[in-house]
Every structure is written in C-alpha cells, then in structure tokens.
Amino acid sequence: MFTKSTVLFFSALTATHAALVQPNEPGPGSVFNEGTTCHIAWGVDASAGTGNWKDMTITLRTGSNLAMTTITQVATGQDGSVPGTFDYPCPDVTPQSAIYFYEFNAPGATADGPQWTTRFAIADAQGNTVPPENADQPNPKAGDPAIPWGTGKLESGTASGVSGSSSAAASASSGAPGASNSTASATSAAGSSTSSGLVKNTSGSASSSSASKTGAAGAATTSGNAALPASLPSGGVLSALLGATAMVFTLLL
C-alpha cells in the first residue's frame, strides 16, 4: 500500500520528466573571444515537452538550418530538467564569425527533438570577426527574416575535446511562457559583455527574452536563430501519462 508521500514523490517525478529544456544563452549578438570562457545557460518550460532531459548533451554546431554540421561535443551528463549553466574554454575556430550555435539532446527526450540556441559569434583573441558567408538560408520562405549562416570548423591542430564546469538550480522553473516549440530564448545581446568577450547573465537566473522560433526547420522569428523541429507531441500525451499514473496509484491504494 502506497502512502500519501509516495504518491506525491512519483507525481513530482513525472512532472520533472515532462519539462522541456529551453536554451537561453548565447543569445542574438553574443560574441565570445577564442581562449576566454564560453557561457551556456538554459531554463525549463514545464508546460511543454514529454521527455526526460536529466542526461543532456550539448554540441557546438555550424552550417545552415537544413545542413547542420558538428564542430565538437561540449558537454555530457547535464541535467536539463532544471535551469543550469555550463562554462568551458572557447575553442579556436575558423572563420571567426556569427555562424555557431549549440544543440541540446537527451536520450530520454527523443520525442521532443533537439533544441537549439540562436547563432552567436566566436571571435579571435582581439575580438575581431568577419561577416557570415551567406546572407540568408537556402530556399528561404517568403516573408521570413533573413538568417545569415556559414560553415565553420576547428582551427588546424585544435583538440576536439573540451572540459568545463556546470551548475544547476535546486528546482525547476517554468522558463519563458509560451510556444509549443522550443522558444530557444536568449538574453538580448546576452546580458552584459566584458572586454574579454564573456557574456554574463545579469539576472542570475534562466529567465530570457523571446527569440521564439516556430515551424519547420529553417523557419524563425528572430534573425540568427537555428532551425527547430517541424512539430512536437501535443499536450494530450502528457495528460494521458499523468492520467495513467493517477489510475495506477488509485488501484494500488
């Protein structure tokens, strides 16, 4: 026979699994110098998602929305079910341009699909960058804002492995309100920027501006955003899961 506390524990566990990771930083206009600290931050949206983001991987990527390529794996084993951050040494890349973004994945959240940050720049040690090679995505939709892009890589001789440090909040938050797709929200010009190019979250939390992205891969409402999955499971999946959990506990009590 289950006690009331046991029922509450499993209910909370189910709710945690339902939260969708929400990339916050880097945001539009973020610039990080090679050799300084690259900062990543995420929140959660408890109103969306059906997967378990507790074992999250973060990958640095480049390319167009429809032909993304991997630069290097940045972090593994991150808890994306609660707001958190990850910092690591910015790699040496070429070209130094605003053509890089992070992809978030978790083996328990394949139904949610990958989530992305907006594109950001990795500059040289002096903060210099060049414009993206392409002014807009291949085959852009009429009326969509232009999303510049290019294809980068690690500079010759640069190791592909990275090491860094992470921190996570003690409890999950609802993140930015809103969209059925990941809002991939970002701090505009990402908080304050130091002379070294490190972007800081001035609020100290995972709250963020909109930078919302919707629709099929390639569609975006903010210039510089990476693509999003075409669709996510409806809220009915989560409702059915919670209903089934409640029925099991009722039968066992």
Applying side-chain contact (heavy atoms from CB on, under 4.5 Å), run through Phe86 and His39 and close with a yes or a no.
CA-CA 6 Å; Phe86 184 83; His39 180 69; over 6 Å; no
Is any side-chain heavy atom of Phe101 closer than 4.5 Å to one of Met68?
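They are in side-chain contact.
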Residue pair [X] / [Y]: nearest heavy atoms and the distance that separates them:
| X | Y | result |
| --- | --- | --- |
| Pro107 | Asp55 | CD-O, 3.2 Å |
| Glu155 | Val93 | OE2-O, 3.2 Å |
| Ala98 | Pro132 | O-CG, 4.0 Å |
| Ile122 | Leu60 | CD1-CD2, 4.4 Å |
| Asp45 | Ser47 | OD1-OG, 2.5 Å |
| Val82 | Val44 | N-CG1, 3.7 Å |

What distance do [X] atom [atom1] and [Y] atom [atom2] have between them, rounded to the nearest 0.5 Å?
| X | Y | atom1 | atom2 | value |
| --- | --- | --- | --- | --- |
| Arg61 | Thr151 | CZ | OG1 | 11.0 Å |
| Ile99 | Glu133 | CD1 | CD | 8.0 Å |
| Ile40 | Asp87 | CD1 | CG | 8.0 Å |
| Glu34 | Cys90 | CD | SG | 8.5 Å |

Could you name each residue pair satisfying disulfide (SG to SG under 2.5 Å) that touches residues 115-146, not counting sequence neighbours?
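Sorted pair list comes back empty.
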The test is side-chain contact (heavy atoms from CB on, under 4.5 Å); show your working for Phe104 and Thr117 and say whether it passes.
CA-CA 8 Å; Phe104 293 59; Thr117 65; 3.7 Å; yes
Judged by atom type as modelled, is there a donor-acceptor pair below 3.5 Å linking the side chain of [X] to the main-chain atoms of [Y]?
| X | Y | answer |
| --- | --- | --- |
| Asp124 | Gly127 | yes |
| Gln96 | Thr94 | no |
| Gln137 | Ile147 | yes |
| Thr129 | Ser97 | no |
| Thr62 | Thr69 | no |

Assess the residue pair Phe120 and Glu25 against the criterion (side-chain contact (heavy atoms from CB on, under 4.5 Å)); give the C-alpha distance rounded to whole Å, side-chain angles, the decisive distance to 0.1 Å, and a yes or no.
CA-CA 9 Å; Phe120 66 95; Glu25 297 180 45; over 6 Å; no
Do [X] and [Y] have a side chain donor and acceptor closer than 3.5 Å?
| X | Y | value |
| --- | --- | --- |
| Asn105 | Glu103 | yes |
| Gln22 | Gln115 | no |
| Trp149 | Asp136 | no |

If Ile, Leu, Val, Met, Phe, Trp and Tyr residues are connected whenever their side-chain heavy atoms lie under 4.5 Å apart, and connections chain through other members, are Ile58 and Leu154 in the same group?
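Same hydrophobic cluster.
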Let's go through Tyr100 and Phe32 carefully: what are the C-alpha distance in whole Å and the side-chain angles of both, what is the deciding distance for ring-ring contact (aromatic ring centres under 6.0 Å, His included) to 0.1 Å, and is it a yes or a no?
CA-CA 11 Å; Tyr100 303 97; Phe32 300 89; over 10 Å; no
side-chain contact (heavy atoms from CB on, under 4.5 Å) assessment of Thr72 paired with Thr59:
CA-CA 6 Å; Thr72 187; Thr59 305; over 6 Å; no
Candidates Val74, Ile71, Thr118 - the one meeting side chain to side chain contact (heavy atoms under 4.5 Å, CB included) with Tyr102:
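Testing Tyr102 for a side chain to side chain contact (heavy atoms under 4.5 Å, CB included) against Val74, Ile71, Thr118 leaves exactly one candidate, Val74.
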